[in-house]
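The block underneath contains the structure these notes are about, expressed in structure tokens.
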Number of protein chains: 2
Amino acid sequence: MGKKVTIRDIARMAGVSVTTVSQVLNGKGKRFSKTTREKIMKLRDQYQYVPDFHARSLIMKGSINTIGVLVPNVSESFFGTFVEGVQQVARQEKLIPLIFSANREPKLEQEYLEQMVERSIDGLIIASARMTTEMINQALSNRDIPYILFDRNYDQQGARVLTDDYHGGQLAAQHLLALGHTKMLFLGVKNITENFKQRMAGFQETINAQEINFDEDHNLLKADLSKDGGYQMARPVIESGATAVFTANDEVAIGLMRGLREQGVRVPEDISVIGYDDIILDEYVYPQLTTIHQPIFKLGVGATEILLNKINHPDAEPEQVEHFPVKLIARQSTGKCQQN
Amino acid sequence: MGKKVTIRDIARMAGVSVTTVSQVLNGKGKRFSKTTREKIMKLRDQYQYVPDFHARSLIMKGSINTIGVLVPNVSESFFGTFVEGVQQVARQEKLIPLIFSANREPKLEQEYLEQMVERSIDGLIIASARMTTEMINQALSNRDIPYILFDRNYDQQGARVLTDDYHGGQLAAQHLLALGHTKMLFLGVKNITENFKQRMAGFQETINAQEINFDEDHNLLKADLSKDGGYQMARPVIESGATAVFTANDEVAIGLMRGLREQGVRVPEDISVIGYDDIILDEYVYPQLTTIHQPIFKLGVGATEILLNKINHPDAEPEQVEHFPVKLIARQSTGKCQQN
DNA sequence: GTGAAAGCGCTAACAG
DNA sequence: CTGTTAGCGCTTTCAC
């Protein structure tokens, strides 16, 4: 218990040189005698020698097998599942994922990013819709650490995994239109980012194509991006007179449903609600939430795979982008428009 | 873009020695001329010099301001909230929390623990009910890294934050008894750990004291510790004939409620359900979940504070234990027993 | 005011 | 088969 055992201690005790110990312990010791090897191994076990990580990575730079994962908020189911996807491939590849949850605060994101740089991680998965490429490069001190982007602005550069948010918006609109709704609302968010913009654009344009009016002045409401955010918007939603609401994501939808219920509004009889993401929760709320499915876990897997690829082939083609499909999952929170 | 700028580069460019640069950059440069200082600062900004973390911690061991947080599963709301608590104080204290989510796999827990040791973190928060003190010490290579335990076996040694699980079980029983229930069930988990044992003990003994029968053969069912686990147990719960169920935690309760609903059983009219933890979700499900409240966020804060204290005063009193209160939150998932 | 030198714990040529 | 030497990037005496 206590003081750290160094490679030198082991060497001294074994009566050999430091090199020998190092080599043997790193499996490069074929050339040493069996006796020596065993002696060293025994000593290592006995004193529970663990090589110093920092000393090690000081020399073998870049090969530490650590990746950083920056998410807005681990405690959201969406990012929790995403991280699980990352972890799955990380484990296969013997990578250690360092998870940073920045609480949606740009300053913290920046800080964590810098931390990761200092710790010379091998690569980075950034799931933040807020940061611009510029901010990222800034935080990365213009070093060429491979990173991949997720859930964020399309116009940025960089390798990334994408889902078609525009199409997701279309699917939501088509579903609601097919159910006969004409008064529809998009419950967006205050700090709008590109992915949400796209969802709304797909939604809006599909509706407008049916010669049904939808414009930002009358059919757009803004909530905080959370369950509570959705909850708070129940009254405004009711007052809007809409019969169907498409929300920025499932968290907002679940909050909204709670609010509606407390106001005595029935879902879907009075108002249909459709969310976005397909988080696990959707099947556990009542009524079960109709939503646009994103393959969240797979996104985590995909992001990690692309990153790995970038790490292993730094000189490869410039920007790798992988597309993942979205689809409609019709459950119980949407129904025929009853207002005729 | 590219190659890393070292302190030597800066020194060379400034025409001074490495020492000077180091001193100036670490704020210990009062003794240097203003000109020199400014020159160095300028160069640092210009080349975006960031000191190498590993080189640094190799020398100044132990003062890196990093703590490790090992949780079973970040994507569970409970641990997500807990981690947020940790982060709050971490940020105030300028600590970087490294989050590891071990997916409830002992092997992974062990592996991550070893990783943290290698990276010479300053301290450790272990939220795993599975690992024994022995396993932990083993993974920690018997080094004296301060750590604190959470959500786990009481009989273990070590500083920790605790809530009174036994009392929580009592509260649940009292609540159900007051509602007139006599046929009660504890929906426990397969891999039982001390915290769950305690909950059940408090529950069971309170009930037995009323001369109502409750024994493990008839009144205990075991589920996987997850929403799906609870969901799967709906049928057995119904078949048991119980009018009230106390679940191991809220996740299980929420899953169970979904299962019951799908089987056409009403909550609370037919069966009352009471959970444990008071996760955020409880207010968003329908009916809102009655539960035993644990101050999850505060537990995270408390754990971190104790750890910090241990780090800063390694020689202090042996084991610090902080107790946090639990309380009953009566919502809508429990009601009067209708079976008379 | 400033710098030379030592060394943190480790690995990797290169000699023997 | 094994050891010597050099050095990763940085901080820290201590001498000039």
B:Tyr112 meets the ring pair (Phe, Tyr, Trp, His ring centres under 6.0 Å) criterion, sequence neighbours left out, with B:Phe100

side-chain hydrogen bond (donor to acceptor under 3.5 Å, both in side chains) filter on B:Thr20, not counting sequence neighbours, yields B:Ser17

Taken in chain and number order and not counting sequence neighbours, the residues that satisfy salt bridge (charged side-chain N to carboxylate O under 4.0 Å, His left out) with A:Glu105 are B:Arg91

Applying salt bridge (charged side-chain N to carboxylate O under 4.0 Å, His left out) to A:Arg104 and not counting sequence neighbours gives A:Glu76

Sorted by chain and residue number, the side chain to side chain contact (heavy atoms under 4.5 Å, CB included) partners of A:Lys39 (sequence neighbours excluded) come out as none

So, does A:Arg37 get its side chain near the phosphate of D:dC1, meaning an N or O under 4.0 Å from OP1 or OP2? no

Contacts of B:Ala55 and B:Thr36 projected onto DNA chain C by closest heavy atom; the upstream (5') one is B:Thr36

The side-chain hydrogen bond (donor to acceptor under 3.5 Å, both in side chains) partners of B:Thr19 (sequence neighbours excluded) come to none

B:Glu322 meets the side-chain hydrogen bond (donor to acceptor under 3.5 Å, both in side chains) criterion, sequence neighbours left out, with none

Across all chains, not counting sequence neighbours, the salt bridge (charged side-chain N to carboxylate O under 4.0 Å, His left out) partners of A:Arg8 are none

Min and max contacting nt of DNA chain C in 5' to 3' order, chain B heavy atoms within under 4.0 angstrom, are C:dG1 to C:dG9

If each end axis of the helix from C:dG1-D:dC16 to C:dG16-D:dC1 is fitted on five C1' pair positions, the angle between them, to 10 degrees, is 40°

Between B:Ser17 and A:Arg8, the residue closer to the 5' end of DNA chain C by nearest nucleotide is B:Ser17

Rounded to whole Å, CG of A:Asp52 lies from P of D:dC8 at a distance of 18 Å

Indicate yes or no for a side-chain donor-acceptor contact from B:Asn312 to the backbone of B:Leu308 under 3.5 Å, with no hydrogens or angles considered.
yes

With B for base contact, S for sugar-phosphate-only contact and - for none (protein heavy atoms under 4.0 Å), nucleotides 11-16 of chain D reads BBB---

Taken in chain and number order and not counting sequence neighbours, the residues that satisfy side chain to side chain contact (heavy atoms under 4.5 Å, CB included) with B:Gln92 are B:Gln88, B:Val89

